[in-house]
Amino acid sequence: MRMSRTFIPTLREDPAEAELVSHKLLLRAGYIRKLTAGIYIYLPLMQRVLAKISRIVREEMDKAGAFEITMPVLHPAELWQKTGRYNDLGPELMRLHDRHDRPMVLGGTHEEVVTELVKGELRSYRKLPLNLYQIQVKFRDEIRPRFGLMRGREFIMKDAYSFDFDEAGLDLSYQKMVDAYQAAFARCGLDTVMVESDTGAMGGKSAHEFMVIVDTEGGEATILSCPDCDYAANLERAESLPKEQPKSSSEAPRPRSAVDTPNAKTIEEVTDFLNVKANRLVKTLLYRSGDQLIAALIRGDRQINETKLAHAAGGPTVEMLDGPTVEKLTGAPVGFAGPVGLGREVTVIADEEVAVMVNFIVGANARDKHLVDVNLSDFRIDKTAVIRGAEPAERCPRCRKGRLVSRRGIEVGNTFKLGTKYSQALGATVTDDAGNERPIIMGSYGIGITRTAQAAVERFHDERGIIWPGPIAPADCHLVCANSDDAALARAADQVYESLTQAGLFVLYDDRVERAGVKFADADLIGIPWRVTVGAKGLAKGTWEIKRRDRDAAESAPFDQLVDRLKQEMWP
RNA sequence: CGGGGUGUGGCGCAGCCUGGUUAGCGCACUUGGUUUGGGACCAAGAUGUCGGAGGUUCAAAUCCUCUCACCCCGACCA
């Protein structure tokens with residue numbers, strides 16, 4: 001690939017539109033260009049990176065016994081109406097109409113289509129298990145696209161769907177995908193952490209995410225993991241053992257009384273005013289889940305986890321009530337809500353920590369008043385659950401020893417045990433050995449191909465540019481002719497290009513008439529793991545220079561040994 | 001959708017507050033020359049519906065109204 005001929009528009013300055021390092025670098029190094037918000041063109045270098053990632057993923061999927069197909073991007077809306085997701089997903093699902101005014105959608109994922117396909121063709125349990133996958137463009141009309149390929153509206157994803165007869169089969173299929181994922185990411189040169197995650201809008205009962213750990217702004221999600229065992233979960237899902245039990249649990253209950261707390265609305269204001277610690281308070285947070293009203297009780301020093309609360313409430317999501325609604329419900333401005341005296345129309349869900357507290361402080365449901373020495377007998381709790389968020393340094397819920405540590409990561413893959421949500425809705429059943437119709441048990445498994453590429457850049461770069469892991473780099477070697485205006489040197493470089501190519505390397509050859517400094521700067525920016533420099537001094541001495549992108553030192557190799565040396569370094 | 005911000009040559013920006021007649025700078029680009037291992041130098045040159053529409057005014061990149069696009073924060077999410 002001669003740089004003088006191909007299309008690698010590098011930029012000297014950071015584009016104004018980019019915030020993240022990886023986004024800036026992909027633009028600056030000439031990998032991508034934006035067409036419109038959240039939609040990108042992949043330029044020749046990017047195309048090669050994506051092809052390499054896709055190839056690795058494809059090989060691992062094939063090895064795991066999955067079969068590649070290609071499904072349409074445009075789907076009839078009817079299919080999505082049947083599973084209920086046409087309504088559940090909201091405007092993120094891109095809706096449009098064809099010329100006959102028939103409602104259509106752009107596929108953001110393909111559970112509906114693949115289930116519809118299998119429904120017509122799989123009649124017997126004998127045909128199971130089956131796993132079908134594709135590498136395809138997906139479209140999600142994100143509320144707010146950002147970070148380049150990280151949260152684009154159009155992106156490339158590998159999505160696989162497993163079909164099993166029973167739970168045991170699903171477990172097996174799931175494990176195969178997990179193994180394939182770990183192999184695929186490892187082959188891409190990326191360390192990933194597999195974390196437990198929430199199933200969200202996908203439905204289903206169990207899910208994991210594969211995260212690339214980064215220490216930059218690009219870490220979109222926080223994960224908590226245990227250094228002593230293999231427990232890891234994203235923040236939404238993570239659980240923990242509490243750091244300490246509230247001391248109040250050993251006290252004798254006292255009768256409650258009201259105190260004035262003028263303008264003390266926040267936990268901090270109340271603790272300052274009453275001169276107590278936050279863990280003696282109980283926060284009352286008011287939510288709505290569907291048409292159900294919820295009061296969530298949580299210790300003052302804790303954070304609520306809305307995902308857990310939603311699970312406890314039995315709804316898909318919860319939404320905090322706005323100020324006026326809170327006022328109507330409690331008779332007091334926001335900041336003075338409490339559980340005592342709340343009506344039956346409100347479901348009271350208490351965190352398990354609250355359920356052991358004694359003589360605590362709550363809002364009085366009256367302006368500028370709190371109640372002290374409140375006890376569980378003073379009000380009604382409809383349900384007790386873990387609804388607080390786990391925090392770093394708390395103990396691991398699995399091994400009960402390790403202290404959880406917090407890290408940030410980029411999600412590059414996910415796996416869901418879907419169960420029968422889609423097969424039931426679409427009537428995808430097989431006949432069992434007794435002749436009964438049973439819904440197929442499904443799993444779904446995604447890898448963001450474009451996102452993986454950007455995650456690699458976010459993970460591997462320095463101040464000069466990208467440092468690709470070898471297996472997904474757009475080329476094996478970057479050949480720089482230090483002075484392409486020098487005919488003798490240019491001829492020598494052409495020969496090196498020939499012999500490297502002959503040896504089976506894919507070479508990006510900088511044969512442009514540019515100054516050496518420009519070429520080196522572009523080489524660092526583009527980030528190919530190996531650089532070979534053909535220069536005048538070397539020509540005189542009979543050596544060419546070899547340099548790794550991730551190291552400062554360069555070394556020289558005699559002409560006739562160059563190819564072997566490189567091959568040996570690259571594939572030892 | 002709420003809050004904030006930006007649209008001026010391919011890219012990055014200044015000019016706008018305080019309207020004024022040829023709209024400027026750096027980079028990139030073209031031509032010629034010198035230079036040639038870490039983003040060269042000299043000379044000459046090309047490139048603008050100042051996001052769009054309407055309005056105010058003798059006069060609008062600049063003021064007003066509407067509109068579109070993009071970016072950042074939030075809700076959402078792979």
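Centroid-to-centroid, the aromatic rings of A:Trp544 and A:Phe559 come within less than 6.0 Å.
Atoms CD (A:Glu514) and C1' (B:G39) sit 9 Å apart, rounded to a whole Å. The nearest whole Å value for the distance from the CD1 atom in A:Ile135 to the C1' atom in B:A78 is 16 Å. Straight-line distance from the CZ atom of A:Phe7 to the C1' atom of B:G10: 11 Å, rounded to whole Å. We find that CG of A:Asn483 is positioned 14 Å from P of B:U34, with the value rounded to whole Å. Between the CG atom of A:Asn234 and the P atom of B:C77 there is a distance of 12 Å, given to the nearest Å.
For the 3.5 Å distance criterion, the side chains of A:Lys176 and A:Ser162 fail to qualify, holding no donor opposite an acceptor.
Distances shorter than 4.0 Å separate some side-chain N or O of A:Arg146 from OP1 or OP2 on B:G74. Under 4.0 angstrom from either OP1 or OP2 of B:A78 there lies no side-chain N or O belonging to A:Arg151. Contact annotation: A:Arg515 side-chain N/O to B:G39 OP1/OP2 distance is not under 4.0 Å.
For the pair A:Arg464 and A:Phe520, the cation-pi test (distance below 6.0 Å, angle within 45°) is failed.
Nucleic acid contact class of A:Glu545 (heavy atoms, under 4.0 Å, all strands): base. Residue-level contact check: A:Glu17 touches the backbone only, with heavy atoms under 4.0 Å from sugar-phosphate atoms and none from bases. Counting any heavy atom pair closer than 4.0 Å across all strands shown, A:Gly446 reaches no nucleic acid atom.
Remark: B:U35 base-pairs with no nucleotide in the shown strands. Criterion, Watson-Crick or G-U wobble with two distances under 3.5 Å. Both distances falling under 3.5 Å, in either a Watson-Crick or a G-U wobble arrangement, place B:G7 opposite B:C68. The partner of B:G45 is B:C29, judged by Watson-Crick or G-U wobble contacts that both fall below 3.5 Å. In this structure, B:C50 forms no base pair with any nucleotide, since neither Watson-Crick nor G-U wobble geometry is met with both distances under 3.5 Å.
Between the side chain of A:Glu13 and the base of B:G26, a donor-acceptor pair under 3.5 Å is found. One can find a donor-acceptor pair under 3.5 Å joining the base of B:G38 and the side-chain atoms of A:Arg531. For B:G38, the base has a donor-acceptor partner in the side chain of A:Asp524 [N/O atoms by modelled type, under 3.5 angstrom].
When the nucleotides B:C1, B:C77, B:C72 are ranked by their closest atom to the side chain of A:Ile143, B:C1 comes out on top. Of all nucleotides listed (B:C77, B:C72, B:G39), B:G39 comes nearest to the side chain of A:Ala521. Considering only the side chain of A:Asn414, B:A78 comes nearest among B:A28, B:C73, B:A78. Counting only heavy atoms from C-beta on, A:Ala482 has its side chain closest to B:G37 among B:G39, B:A78, B:G37.
In this structure a side-chain-to-backbone donor-acceptor pair under 3.5 Å is missing from A:Arg408 to A:Ala221. A:Glu458 contributes a side-chain N or O that, together with a main-chain N or O of A:Ser22, makes up a donor-acceptor pair within less than 3.5 Å. In this structure a side-chain-to-backbone donor-acceptor pair under 3.5 Å is present from A:Arg33 to A:Pro9.
A:Val532 and A:Cys477 make their closest contact through CG2-SG, 3.7 Å (heavy atoms, listed as atom of the first residue, atom of the second, distance). The two residues A:Arg531 and A:Asp524 have their closest heavy-atom pair at NH1-OD1, 4.2 Å.
Residue ring and base: A:Phe520 does not count as stacked with B:G39 (centre distance below 5.5 Å and interplanar angle below 30° not both satisfied).
Comparing the P positions of B:G10 and B:U49 gives an interatomic distance of 8 Å, to the nearest angstrom. Separating the P atom of B:G4 from that of B:U47 is a span of 41 Å, rounded to the nearest Å.
A heavy-atom distance below 4.0 Å to RNA chain B is reached by these residues of residues 23-44 of chain A, ordered by number: A:Arg28, A:Lys34, A:Thr36, A:Ala37.
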